[in-house]
*Asks:* 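This is the structure I want to talk about, given as structure tokens.
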Amino acid sequence: DQQVKQNSPSLSVQEGRISILNCDYTNSMFDYFLWYKKYPAEGPTFLISISSIKDKNEDGRFTVFLNKSAKHLSLHIVPSQPGDSAVYFCAAFQFSYDKVIFGPGTSLSVIP
Amino acid sequence: KAGVTQTPRYLIKTRGQQVTLSCSPISGHRSVSWYQQTPGQGLQFLFEYFSETQRNKGNFPGRFSGRQFSNSRSEMNVSTLELGDSALYLCASRENEKLFFGSGTQLSVL
């Protein structure tokens, strides 16, 4: 039972354009949603998060949008840079279960 | 604060051997989780420890085990290694909803 889904395994974007990574979830009780970035052979690093009571959070070039009615969130990267090429994992957290659940990841390639 | 430290960084073993991986969490963090990542795969959850007790467990065979010490440091053990155990093993310490990952241990089983 996959509670957090990332239906696009990969995405290619031109440098300078917008990258949009999508994530869907099934459990409406999640309290937080997080995005992690991972380079090969390294551990994931925390990028940005959003509380379930918000619909938008912004940090520099990164913005996360949350649509609770659609159980959907997206990460926007503007402008995209070659250094953004990595695997992005969407994750969800529920306080009552005290557990983080990851999606399968989306591999982003930013083409110079 | 120092980050999550995993040792060793690289490890080569042969089939049938056993291996122990070590993880030191961020100071003050009591929760430590372990994940496996194989090529092209996502993050497969192994287990989570909190205050020396296993709190959650993923869907891995009993050859995979772990423990946590009173200082929150954690070890993960894999016995009777198989070729398919070759992977990047990641440890993370957690504070509320945020996980902080180490650099991982790259295990190769020959």
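Lettering follows sequence order; numbering is per chain, from 1. Worth saying up front: this structure is predicted, and the values here are computed from it rather than measured.
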*Asks:* So with a 6.0 Å cut-off around CZ of B:R63, is the heavy-atom count from everything else above 12?
*Replies:* yes

*Asks:* Relative to chain B, which segment of A:D98 carries a heavy atom at a distance below 4.5 Å: side chain, backbone, both, or neither?
*Replies:* both

*Asks:* A quick test of your reading: do over 12 heavy atoms of other residues, nucleotides or ligands sit less than 6.0 Å from CZ of A:F46?
*Replies:* yes

*Asks:* Would the distance check show the side chain of A:Y36 and the main-chain N or O of B:L99 forming a donor-acceptor pair, the cut-off being under 3.5 Å?
*Replies:* yes

*Asks:* Treat each ILVMFWY residue as a node, draw an edge where side-chain heavy atoms are under 4.5 Å apart, and state whether B:F101 and B:L21 are in one component.
*Replies:* no

*Asks:* If two hydrophobic side chains count as joined below 4.5 Å and joins carry through other members, does A:F65 share a cluster with A:L108?
*Replies:* no

*Asks:* Measure A:P104 against the heavy atoms of chain B and call it side chain, backbone, both or neither at under 4.5 Å.
*Replies:* backbone

*Asks:* Please report the shortest heavy-atom distance between B:L90 and A:G43, naming the atom on each side.
*Replies:* CD2-CA, 3.5 Å

*Asks:* Taking atom CZ of A:R61 as the centre, report whether more than 12 heavy atoms of other residues, nucleotides or ligands fall under 6.0 Å from it.
*Replies:* yes

*Asks:* Hydrophobic clustering (ILVMFWY, side-chain heavy atoms < 4.5 Å, transitive) - are B:F47 and B:L81 grouped together?
*Replies:* yes

*Asks:* Tell me, for B:Q37 versus chain A, whether the close heavy atoms (under 4.5 Å) come from the side chain, the backbone, both or neither.
*Replies:* side chain

*Asks:* Applying side-chain contact (heavy atoms from CB on, under 4.5 Å), run through B:K98 and A:V100 and close with a yes or a no.
*Replies:* CA-CA 8 Å; B:K98 285 187 189 163; A:V100 179; over 6 Å; no

*Asks:* Applying a heavy-atom distance below 4.5 Å, give me the residues of residues 48-61 of chain B that approach chain A, sorted by number.
*Replies:* B:E48, B:R55, B:N56

*Asks:* Under 6.0 Å from the NZ atom of A:K5, do we count more than 12 heavy atoms belonging to anything else shown?
*Replies:* no

*Asks:* Distance check, rounded to the nearest 0.5 Å: B:E97 atom CD versus A:Y32 atom OH?
*Replies:* 5.0 Å

*Asks:* Measure from the ring center of A:F102 to the ring center of B:Y35 and say whether it is less than 6.0 Å.
*Replies:* yes

*Asks:* To the nearest 0.5 angstrom, please state how far the OG atom of B:S31 sits from the NZ atom of A:K99.
*Replies:* 12.0 Å

*Asks:* For the hydrophobic clusters of this structure (ILVMFWY residues joined by side-chain heavy atoms under 4.5 Å, transitively), does one cluster hold both A:L34 and A:F30?
*Replies:* no

*Asks:* Go through B:G102, B:S103, B:A92 and name the one with the most non-hydrogen pairs under 4.5 angstrom from chain A.
*Replies:* B:S103

*Asks:* Hey, any chance B:L88 and B:L11 share a hydrophobic cluster, counting ILVMFWY side chains that come within less than 4.5 Å of each other, even indirectly?
*Replies:* no

*Asks:* Is it the backbone or the side chain of B:L43 that comes under 4.5 Å from a heavy atom of chain A, or both, or neither?
*Replies:* both

